Asker: 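Here it is: the structure, laid out below.
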Amino acid sequence: MRRGKKVRLVCSDIDGTVLGAPEAVTEFRRIWDGMSGDRPLLIYSTGRLLEDAKRVIREGGLPMPEYFIGGVGTMVEEVKDGKVLKEYSHVLDQNWDRRKVDELVRGIEGIEAQADEQQHEWKSSWFWHDAAEEDLDRLRSTLKEAGLEAQVIYSSARDLDVLPVTANKGNALRWICQRLGISLDEAVVCGDTGNDASMFLVPGVRGIAVGNAEPELLEAVRGTDAHLAKGKCAAGVIEGLKAFGVIEDTNISNS
Ligand code: GLC
C-alpha cells in the first residue's frame with residue numbers, strides 16, 4: 001500500500017462499491033460533505049447510462065460528483081453544466097461498427113440482449129451467464145476475424161459489454177485527468193467488478209477493491225499494490241481512503 005502523493009481525484013464505481021450498504025453510504029456522505037474545500041474531485045464511473053446513474057445517486061443519498069463517466073467509459077459528463085462531453089465521444093468512433101458487432105454477438109448460444117435503456121451507440125450490452133475465459137477469447141477472435149476492433153468486458157459472471165477499443169473506465173479516467181492536468185498518481189480508483197479492472201490498471205493510480213469485490217476484479221489486480229479492503233461497499237471505500245490519507249481522523253471526529 002502506498003500513501004504517495006496528495007490525492008486530487010477519487011473515481012469510484014457506483015453499484016456494489018459506494019452503493020450497497022446504506023449505513024456506510026450515510027457515513028461516506030457525512031465524511032465527504034464535511035471535508036474542506038480542497039477535497040479531491042469526485043467522479044462516479046458506472047456501467048449505467050448517465051440519467052440512470054444520476055437517479056441512483058439521488059435515490060441512494062450519495063454526494064454529487066464533479067464528473068460522471070457512464071456506460072462503462074463510453075460517456076463523460078461534467079456535472080457543472082450537465083453536458084455530455086462530445087470531444088470524448090469523438091474518440092470512440094474510430095473503427096467502431098455497432099451494427100456488425102451486434103450481428104456477431106447475437107449468434108452466440110445462451111446470450112440475451114440487455115434492455116434498450118442499457119444500450120447506446122458505443123455500448124452493446126448482453127447477459128451471458130457464467131461465460132468462461134475461453135468463451136470470451138473466442139468472441140474476441142470472432143470479432144477480430146470479422147475485421148472489427150472491439151473490446152470485450154465481462155462483469156459479475158453475467159454482464160457482457162462490447163465497446164469501442166478506446167472506451168473503458170480506465171481510458172475515460174485518463175482522458176479526464178489529462179483534460180484537468182491531474183497526474184495519474186494523484187488519482188484513486190474504487191471498484192468491485194470486472195468493468196472496474198481497467199481503472200486499476202492505469203499506470204500510477206492507487207486502487208481500492210472493496211471487501212465484496214468479485215473474483216474477476218481480484219484476479220485482474222493481482223500483482224498491483226491495490227488496497228484490498230475488508231469493509232464492504234462504501235465501508236471499504238472509506239477504509240481505503242483513510243489508508244491513502246484522503247480521509248484523516250479529523251474528518252471523522254469533526255462530525
Ligand atoms: C451496469 C450496466 C450494464 C452493464 C454492467 C457491467 O449494470 O447497467 O449495462 O453491462 O454495468 O458493465
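Position 1 is the first residue of the sequence, and the numbers go up from there. Note that the coordinates shown come from a computational prediction; the quantities given were computed from them, not determined experimentally. Only heavy atoms go into these numbers, but all of them, side chains included; no hydrogens, no water, no symmetry mates. One-based numbering, in listed order, for ligands and for the atoms of each.
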Asker: Give me the other members of the hydrophobic cluster that Ile153 sits in, counting Ile, Leu, Val, Met, Phe, Trp and Tyr linked by side-chain heavy atoms under 4.5 Å, directly or via other members.
Answerer: Val72, Leu163
Asker: What protein heavy atom sits nearest atom 4 (C) of ligand 1, and how far off is it?
Answerer: Asp161 OD1, 3.4 Å
Asker: For Arg99, is there an ion pair with Asp102 - N to carboxylate O distance below 4.0 angstrom?
Answerer: no
Asker: When you check the gap from the basic side-chain N to the acidic O, do Arg158 and Asp130 get nearer than 4.0 Å?
Answerer: no
Asker: Taking atom 5 (C) of ligand 1 as the point of reference, which of Asp159, Asp13, Thr193 owns the nearest heavy atom?
Answerer: Asp159
Asker: Going by distance only, is there an N or O of Lys123 that falls short of 3.5 Å from an N or O of ligand 1?
Answerer: yes
Asker: Could Glu27 and Arg30 be called an ion pair, given the rule that one side-chain N must be under 4.0 Å from one carboxylate O?
Answerer: yes
Asker: Using a 4.0 Å cutoff against the non-hydrogen atoms of Val72, which atoms of ligand 1 qualify?
Answerer: 12 (O)
Asker: Hey, is Lys54 close enough to Glu77 for a salt bridge, meaning N to O under 4.0 Å?
Answerer: yes
Asker: Any idea which atoms of ligand 1 are less than 4.0 Å away from a heavy-atom of Asn195?
Answerer: 6 (C), 11 (O), 12 (O)
Asker: Could you check atom 11 (O) of ligand 1 against the protein and tell me its nearest heavy-atom contact, residue, atom and distance included?
Answerer: Gly47 CA, 3.5 Å
Asker: Give me the one residue out of Arg206, Arg8, Lys5 that meets side chain to side chain donor-acceptor pair (under 3.5 Å) with Asp185.
Answerer: Lys5
Asker: Minimum distance, heavy atoms only, to atom 9 (O) of ligand 1: which one of Gln119, Gln114, Lys169, Arg48 is it?
Answerer: Gln114
Asker: Considering only the protein, which heavy-atom contact is closest to atom 8 (O) of ligand 1, and what is its distance?
Answerer: Gln118 OE1, 2.7 Å
